[in-house]
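A quick write-up on the structure given underneath.
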Amino acid sequence: MACGSIWLCQRNSTGEDPVTDKPWLFRTYAGHSSATASNALYRGNLAKGQTGLSVAFDLPTQTGYDSDHVLARGEVGKVGVPVAHLGDMRLLFDSIPLERMNTSMTINATAPWLLALYVAVAEEQGAQIGLLQGTVQNDLIKEYLSRGTYICPPAPSLRMITDVAAWTRAEMPRWNPMNVCSYHLQEAGATPQQELAYALATATAVLDDLRGKVDPADFPEMVGRISFFVNAGIRFVTELCKMRAFTELWDEICRERYGVEDEKYRRFRYGVQVNSLGLTEQQPENNVYRILIEMLAVTLSKNARARAVQLPAWNEALGLPRPWDQQWSLRMQQILAYETDLLEYEDLFDGNPAIARKVAELIEGAKAELAQIDAMGGAVNAIGHMKARLVETNAQRIAAIERGDTAVIGVNRYVEGEPSPLGTGPDAIMISDPAAEADQIARLAAWRESRDENAVSKALAALREACLSGRNIMPPSIKAARAGATTGEWGDVVRASFGQYRGPTGVSSSPSNRVEDLDAIRSRVDAVSVGLGRRLAFMMGKPGLDGHSNGAEQIAARARDCGMAISYEGIRLTPDEIVARVIEERPHVLGLSILSGSHVVLVEDIMSRLNDVNADIPVVVGGIIPEKDAAHLRSIGVSRIYTPKDFKLNTIMEDIVTLADPVTEPAQ
């Protein structure tokens, strides 16, 4: 039986009655601008046949800041929906009966808070809390490794994960309290073996901690509530085998490590989004085929079939997908599920020797990685090791694309083609409402004015006491939600109680062994450094709340390998902090990486501050930046703009050397 599936009967054209598997949940990952706009999008997608919700939250919400915080500037509503308080959550699910919905919330550091708001809204709707179904991602370990929306150090973060799990065991037994997310690991460069190992190490770290918070008799059921969220890349056979390896490894861990005897609690239950990393800006219509092929990897093998599938849109490398783009991805799932005969058959790959060999190879490699993590004391203690490994393997992946060893059609092979009519015109992508941030901030101010401040203060005090005493964080979080506390206030209590954390960057100061193709650039760096009177210095900055650091890490690592003196402190810096570092360190070129869509506001702010302190330094910017925005950034002094189509890092390195060269007139 497929993971998480229910059997039902349908009569086929021959009049026979085959047993047919029920389709997976159809989802699209969505949310933008405001709770009201996102609610309209959800209701529209549900009307088109979507069978579950997958909520994307904006970066302030993900990192525990209110929409009017200085760090939230330019980020409100950009990569998801802003939810600052109970009123926002009401609007988000207006006229959507939560008791009948299966909702996935992609939220990690603030997972207890967003779940508390969800529970409060469900109660207002009259729902029975024990009947609510869905998932809260709640995986902080992968945030330290890849996505970057963590708040606290690992130990208290682990404590909050298991607090949520223990509370849902008692109050929401049909809810998945933690969704181990290997999706971002692959996007950060993980090999299939690393993705398997790091995800399973995360799951065991959580379950080991959870053991002390639930009755031993209930523990097997809690093991069964842990779900996974994975990535499916373009290497179709490998990805299919990876999912079969996941099911075998998880079954073994549940049996041997935790003594779970009931087969249904050992089932590997996973949802998937196929690989957004491989979507190209060049010839973007090719992404449709990539998405379809990647979906097959997680649906064809019945014994390792996804429980829920959400697909990106073909044009995500260009900007915010329109409702029509999301509909196209939804129809892709529906055609496979309802028009083909896939669901009428047993597993198509059982007994295939090639599949068996590949699965065995992946399992062997994953076990070797797991043994190394276990020797370090588990996933929490091995965060620095895993991060460094991801940066290294990602560098190898990018280098293979640059060399042409890894083919990407339309990027490094068959690059000549006709322009896509799908990507033309003013409505080719959706533009987030520029007034949404101001509206959100105004409604937040009105919310604060209308609430009972005394009730909020008492609720936050109770939350603080629970944080410090070790009591479960969920009951006081729900009370704070009902009282009218805000996301930022909840986050401030957590930060004050547990402390903030800056994770490892994975970028060491020592050059890698991949310098054989860099001799010409290294010679230029040496020559320019002589002219500068010191080693050419490059500073990499990540302003705002964007935690997608893969690109920044690779640029910094390549600059290091080219012989530059690099400075990269990691994610989540304010414009003030970046400019202060420029004044202190005096780099020759400043790089800014912003993938959240807030590039205009943040770069304007930094350029203005640099001008105020007379810091005459070339600035290069990378991100998903439409040409209109790029032209504006050039007009305010940005020297170079890089988008996903600029995959050749050595070309970027040459540009940096040219900009730093005191005898070269930089082209603005």
Could you give me the CA-CA distance, side-chain angles and deciding distance for T651 and D646, then say whether side chain to side chain contact (heavy atoms under 4.5 Å, CB included) is met?
CA-CA 8 Å; T651 300; D646 300 300; over 6 Å; no

Show your reasoning for whether side chain to side chain contact (heavy atoms under 4.5 Å, CB included) applies to I641 and D629.
CA-CA 10 Å; I641 306 289; D629 291 351; over 6 Å; no

Please determine whether side chain to side chain contact (heavy atoms under 4.5 Å, CB included) holds for the pair F229 and Q310, giving the CA-CA distance in whole Å, both sets of side-chain angles, and the decisive distance to 0.1 Å.
CA-CA 10 Å; F229 186 74; Q310 61 189 45; 3.6 Å; yes

List the residues meeting salt bridge (charged side-chain N to carboxylate O under 4.0 Å, His left out) with R147, not counting sequence neighbours, and say none if there are none.
none

State whether the number of non-hydrogen atoms from other residues, nucleotides or ligands found under 6.0 Å of E364 atom CD is greater than 12.
no

Nearest heavy-atom pair of L114 and F57: which atoms, and what distance?
CD1-CE2, 3.5 Å

When you compare the side chain of L649 with that of I555, does any pair of heavy atoms fall below 4.5 Å?
yes

Does D347 come within less than 4.0 Å of R244, counting only side-chain N to carboxylate O?
yes

Check for a donor-acceptor pair, side chain of E75 on one end and backbone N or O of D58 on the other, with a separation under 3.5 Å.
no

Polar side-chain atom of E248 near backbone of A245 as donor-acceptor pair, under 3.5 Å
no

Identify, with sequence neighbours excluded, every residue that meets side-chain contact (heavy atoms from CB on, under 4.5 Å) alongside R502.
L573

Could you tell me which non-hydrogen atom of I571 sits nearest to which non-hydrogen atom of G148, and how far apart they are?
CD1-O, 3.0 Å

Plane angle bin for W250 and F228 - parallel if under 30°, tilted between 30 and 60°, otherwise perpendicular
perpendicular

Just to verify, what does K367 make a salt bridge (charged side-chain N to carboxylate O under 4.0 Å, His left out) with, not counting sequence neighbours?
E252

Answer whether the closest heavy-atom distance between the side chains of K358 and T238 falls below 4.5 Å.
yes

Shortest non-hydrogen contact between G623 and P644, atoms and distance
O-CD, 3.6 Å

Donor-acceptor under 3.5 Å (D561 side chain, P511 main chain)
no

Could you tell me which residues satisfy side-chain contact (heavy atoms from CB on, under 4.5 Å) with S510, sequence neighbours excluded, listed by chain and number?
S508

Would you check if there is a donor-acceptor pair between the side chains of N394 and N550 at a distance under 3.5 Å?
no

Say whether, by atom type as modelled, one donor and one acceptor occur between the side chain of T110 and the main chain of T61 under 3.5 angstrom.
yes

Has N138 got a side-chain atom pairing as donor or acceptor with M178's backbone, closer than 3.5 angstrom?
no

In terms of the angle between their ring planes, are H548 and H184 parallel, tilted or perpendicular, with boundaries placed at 30° and 60°?
tilted

Strictly distance-based, threshold 3.5 Å: is any side-chain N or O of N176 a donor or acceptor partner for the main-chain N or O of I226?
no

Only counting residues at least two apart or in another chain, list the ones meeting side-chain contact (heavy atoms from CB on, under 4.5 Å) with I293.
I234, F236

Could you tell me whether the side chain of R307 and the main chain of Y270 form a donor-acceptor pair under 3.5 Å?
no

Is a side-chain donor or acceptor of R397 paired with a backbone partner of T406 at a separation under 3.5 angstrom?
no

Let me have the donor-acceptor pairs involving side chains of residues 274-282, under 3.5 Å, with sequence neighbours excluded, atom names and distances please.
unit_1	atom_1	unit_2	atom_2	d
N275	OD1	L277	N	2.9
S276	OG	Y183	OH	3.1
S276	OG	Q273	NE2	3.1
T280	OG1	Q282	O	2.7
T280	OG1	R290	NH1	3.2
E281	OE1	T643	OG1	2.8
E281	OE1	K645	N	3.2
Q282	NE2	K645	O	3.2

Does any part of the side chain of P626, heavy atoms only, come nearer than 4.5 Å to the side chain of H599, both counted from C-beta?
yes

Taking salt bridge (charged side-chain N to carboxylate O under 4.0 Å, His left out) as the test, write out the residues that go with E339, two or more places apart.
none

Considering residues at least two apart in sequence or located in another chain, which fulfil the side-chain contact (heavy atoms from CB on, under 4.5 Å) criterion with E654?
I521, R524

So, Q137 and K142: side-chain donor and acceptor under 3.5 Å apart, yes or no?
yes

So, using ring pair (Phe, Tyr, Trp, His ring centres under 6.0 Å) as the criterion, who are the partners of Y198 when residues are at least two apart?
none

Steps toward side-chain hydrogen bond (donor to acceptor under 3.5 Å, both in side chains) verdict (R558, N650)
CA-CA 8 Å; R558 184 65 62 87; N650 284 356; 2.6 Å; yes

Restricting to non-hydrogen atoms, name the atom on T247 and the atom on A304 that form the minimum distance, rounded to 0.1 Å.
CG2-CB, 3.8 Å

If only atom types and distance count, is the side chain of T191 paired as donor or acceptor with the main-chain N or O of Q194 below 3.5 Å?
yes

H385/Q372 under side chain to side chain contact (heavy atoms under 4.5 Å, CB included): CA gap, chis, key distance, verdict:
CA-CA 10 Å; H385 160 77; Q372 193 167 10; 3.6 Å; yes

Quick check: does any side chain N or O of T393 sit under 3.5 Å from a backbone N or O of L390, one acting as donor and the other as acceptor?
yes

Using the salt bridge (charged side-chain N to carboxylate O under 4.0 Å, His left out) criterion, which residues pair with R403? Sequence neighbours excluded.
D405

Could you name each residue pair satisfying salt bridge (charged side-chain N to carboxylate O under 4.0 Å, His left out) that touches residues 181-202, not counting sequence neighbours?
E195-K242

Partner of V507 by side chain to side chain contact (heavy atoms under 4.5 Å, CB included), out of E392, K387, E553
E553

Would you name the heavy atoms of P82 and G77 that are closest together and state the gap between them?
CD-CA, 3.9 Å

Please report the closest heavy-atom contact between V55 and T103, naming both atoms and the distance.
CG2-CG2, 4.1 Å

Y144: which residues meet the ring pair (Phe, Tyr, Trp, His ring centres under 6.0 Å) condition with it, sequence neighbours left out?
Y150, Y501

